[in-house]
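First listed ligand is number 1; within each ligand, the first listed atom is number 1.
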Amino acid sequence: MKIIMLGAPGAGKGTQAIRIAAEYQIPHISTGDIFRSNIKNGTELGKKARAYMDQGLLVPDELTVDLVMDRLDQDDAKKGYILDGFPRTIPQAKALEKALQERGDKLDYAIDIEVPDENIVDRMSGRRACTGCGATYHIKFQPSAKGALCEICGEPLSIREDDLPETVQKRLDVYHSQTQPLIDFYKERDILRSVDGTKHVDEVFADISAILEA
Ligand code: AP5
Ligand code: MG
């Protein structure tokens with residue numbers, strides 16, 4: 001199963017991708033997580049990516065595309081994967097399509113999680129992310145059973161640096177201008193499936209599972 005997740009910042013892509021990856025035993029590949037781990041480890045890529053991410057802008061395609069293609073060529077991605085946060089621009093989508101075609105391969109589904117902009121700022125202000133494994137919580141909607149620590153790995157939870165309200169607004173603007181056009185791109189290829197992301201996390205997961213099992 002080869003799936004990509006579409007949706008605005010905070011729509012719940014990461015939340016759902018982690019569950020789908022566990023259910024289907026496929027790797028969850030999040031470009032945001034890869035960049036954040038590079039920032040944490042002080043790599044050259046991390047330094048470059050941070051300059052864009054802190055402003056709510058996209059990291060340039062030339063820093064992103066090769067990184068993802070190398071990841072898709074690793075052994076664990078042979079039987080499938082769930083891509084979260086990539087592609088995010090039409091050039092990225094075309095690069096992915098071309099690379100897959102060259103391998104005689106294609107995507108199965110593009111799942112779009114629909115959440116109106118009004119709900120997003122609330123979600124972002126309450127989000128907490130694990131500094132260890134990257135799992136995501138929400139102080140109101142999805143609290144950790146271990147309080148300020150991660151339920152899964154026990155590491156402390158933190159607020160993401162790009163979750164300040166003004167940065168979230170910039171990310172939403174960037175989403176509408178650069179990423180939303182991908183909805184038509186995948187509609188034309190007949191693999192777009194949309195779900196209502198305002199429902200409870202478990203209901204959204206059930207809706208996505210129904211699509212994948214159809
Ligand atoms: P990235 O990490 O991908 O961030 P994003 O797309 O902005 O999305 P988020 O991770 O913020 O939200 P999400 O949809 O995963 O929601 P979540 O599940 O956490 O990218 C960060 C940055 O990296 C970008 O701005 C860019 O600079 C760079 N980047 C990454 N990929 C790139 C690329 N391909 N090209 C260029 N640059 C790139 O949920 C959000 C909150 O809501 C959580 O607190 C969660 O608990 C809660 N929640 C989830 N579902 C529900 C629900 N159904 N009901 C109530 N609450 C819910
Ligand atoms: Mg995410």
Verdict with supporting geometry, Ser144 and Cys150, side chain to side chain contact (heavy atoms under 4.5 Å, CB included): CA-CA 6 Å; Ser144 165; Cys150 178; 5.8 Å; no

Chi angles and distances behind the side chain to side chain contact (heavy atoms under 4.5 Å, CB included) call for Ile111, Met5: CA-CA 5 Å; Ile111 306 282; Met5 302 298 289; 4.2 Å; yes

Pair Gln178-Arg88, side chain to side chain contact (heavy atoms under 4.5 Å, CB included): steps then yes or no: CA-CA 7 Å; Gln178 300 198 54; Arg88 239 177 158 99; over 6 Å; no

Step-by-step side chain to side chain contact (heavy atoms under 4.5 Å, CB included) determination, Leu57 to Lys170: CA-CA 7 Å; Leu57 301 172; Lys170 181 70 199 166; 3.5 Å; yes

Residue pair Thr43, Asn41: steps toward the side-chain hydrogen bond (donor to acceptor under 3.5 Å, both in side chains) verdict: CA-CA 6 Å; Thr43 69; Asn41 296 326; over 6 Å; no

Stepwise salt bridge (charged side-chain N to carboxylate O under 4.0 Å, His left out) test for Arg123 and Asp163: CA-CA 9 Å; Arg123 284 202 183 181; Asp163 278 351; over 6 Å; no

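Among protein heavy atoms, the minimum distance from atom 9 (P) of ligand 1 is reached at Arg127 NH1, 3.3 Å. Nearest protein heavy-atom contact of atom 53 (N) of ligand 1 is Lys199 O, 2.8 Å. Distance from atom 23 (O) of ligand 1 to its nearest protein heavy atom, with residue and atom name: Met53 CE, 3.4 Å. Given atom 16 (O) of ligand 1, the protein heavy atom at minimum distance is Gly12 N, 3.2 Å. Scanning the protein for heavy atoms near atom 17 (P) of ligand 1, the closest one is Thr15 OG1, 3.6 Å. Ranking the protein heavy atoms by distance from atom 36 (C) of ligand 1 puts Val59 O, 3.1 Å first. For atom 8 (O) of ligand 1, the closest heavy atom belonging to the protein is Lys13 NZ, 3.1 Å. In terms of protein heavy atoms, atom 12 (O) of ligand 1 is closest to Gly10 N, 2.7 Å.
Looking at His138 against ligand 1, both its backbone and its side chain come within 4.0 Å, counting heavy atoms. Contacts with ligand 1 closer than 4.0 Å are made by no heavy atom of Tyr175, backbone or side chain. At a heavy-atom distance under 4.0 Å, only side-chain atoms of Thr64, from C-beta outward, approach ligand 1.
Within the cation-pi definition used here (under 6.0 Å to the ring centroid, within 45° of the axis), Arg128 does not qualify as a partner of Tyr137. A cation-pi contact links Arg189 to Phe185, judged by a cut-off of 6.0 Å to the six-membered ring centre and 45° from its axis.
Taking 4.0 Å as the cut-off, Glu203 does not count as a neighbour of ligand 1 on heavy-atom distance. Ligand 1 does not have Gly7 within reach: every non-hydrogen atom of the residue lies 4.0 Å or more from it. Using a 4.0 Å heavy-atom cutoff, Arg160 is listed among the residues neighbouring ligand 1. Residue-ligand proximity: Arg36 is placed with a non-hydrogen atom under 4.0 Å from ligand 1.
For ligand 1, the atoms lying closer than 4.0 Å to a non-hydrogen atom of Thr31 are 30 (C), 31 (N), 32 (C), 34 (N). Of all atoms in ligand 1, numbered sequentially from 1 with element shown, those under 4.0 Å from a heavy atom of Gly14 are 13 (P), 15 (O), 18 (O). For ligand 1, the atoms sitting less than 4.0 Å from at least one non-hydrogen atom of Leu58 are 27 (O), 36 (C), 37 (N), numbered in the order shown with element in parentheses. Atom numbering of ligand 1 starts at 1 in the shown order; those under 4.0 Å from a heavy atom of Gly197 are 53 (N). Close contacts between ligand 1 and Gly85 involve ligand atoms 31 (N), 32 (C), 33 (C), 34 (N) [criterion: under 4.0 Å to a heavy atom]. The contact set between ligand 1 and Thr136, taken as ligand atoms under 4.0 Å from a residue heavy atom, comprises 19 (O), 43 (C), 44 (O), 45 (C). Near Leu57, meaning under 4.0 Å from one of its heavy atoms, ligand 1 places the atoms 26 (C), 27 (O). Every atom of ligand 1 with a heavy atom of Ala8 under 4.0 Å away is listed here by number and element: 14 (O).
Residue Arg128 has no nitrogen or oxygen atom sitting less than 3.5 Å from a nitrogen or oxygen atom of ligand 1, judged on distance alone. The shortest N or O to N or O distance between Phe86 and ligand 1 is not under 3.5 Å. At least one N or O atom of Ala11, backbone or side chain, sits closer than 3.5 Å to an N or O atom of ligand 1. An N or O contact shorter than 3.5 Å is missing between Asp162 and ligand 1 by distance. Residue Asp33 places no N or O, backbone or side chain, under 3.5 Å from any N or O of ligand 1. Residue Tyr52 places no N or O, backbone or side chain, under 3.5 Å from any N or O of ligand 1.
Using a 4.0 Å cut-off between charged nitrogen and carboxylate oxygen, Glu102 and Lys98 count as a salt-bridge pair. We find that Asp75 and Lys78 are joined by a salt bridge, their nearest charged nitrogen and carboxylate oxygen being less than 4.0 Å apart. In summary, Glu44 and Lys47 engage in a salt bridge, as defined by a charged side-chain N under 4.0 Å from a carboxylate O. Comment: Arg193 does not engage Asp207 in a salt bridge, judged by the lack of any side-chain N to carboxylate O separation of less than 4.0 angstrom.
Proximity of a side-chain donor or acceptor of Arg103 to a complementary backbone N or O of Ala99 within less than 3.5 Å is detected. Side-chain atoms of Gln55 come within 3.5 Å of backbone N or O of Ala51 as a donor-acceptor pair.
Considering Arg36, Arg50, Arg171, Arg127 as possible partners of Glu161, the one that fulfils the salt bridge (Lys or Arg N to Asp or Glu O under 4.0 Å) test is Arg50.
The closest non-hydrogen atom to atom 35 (N) of ligand 1, taken over Gln16, Gln92, Arg50, comes from Gln92. When the options Arg171, Arg88, Gln142 are ranked by their closest heavy atom to atom 45 (C) of ligand 1, first place goes to Gln142. Proximity annotation for atom 52 (C) of ligand 1: of Met124, His200, Arg123, Arg123 comes nearest, heavy atoms only.
A 6.0 Å sphere centred on NZ of Lys94 holds no more than 12 heavy atoms belonging to other residues, nucleotides or ligands. More than 12 non-hydrogen atoms from other residues, nucleotides or ligands lie less than 6.0 angstrom from NZ of Lys79.
In this structure, CG on Asp108 lies 13.0 Å from CD1 on Ile211, to the nearest 0.5 angstrom.
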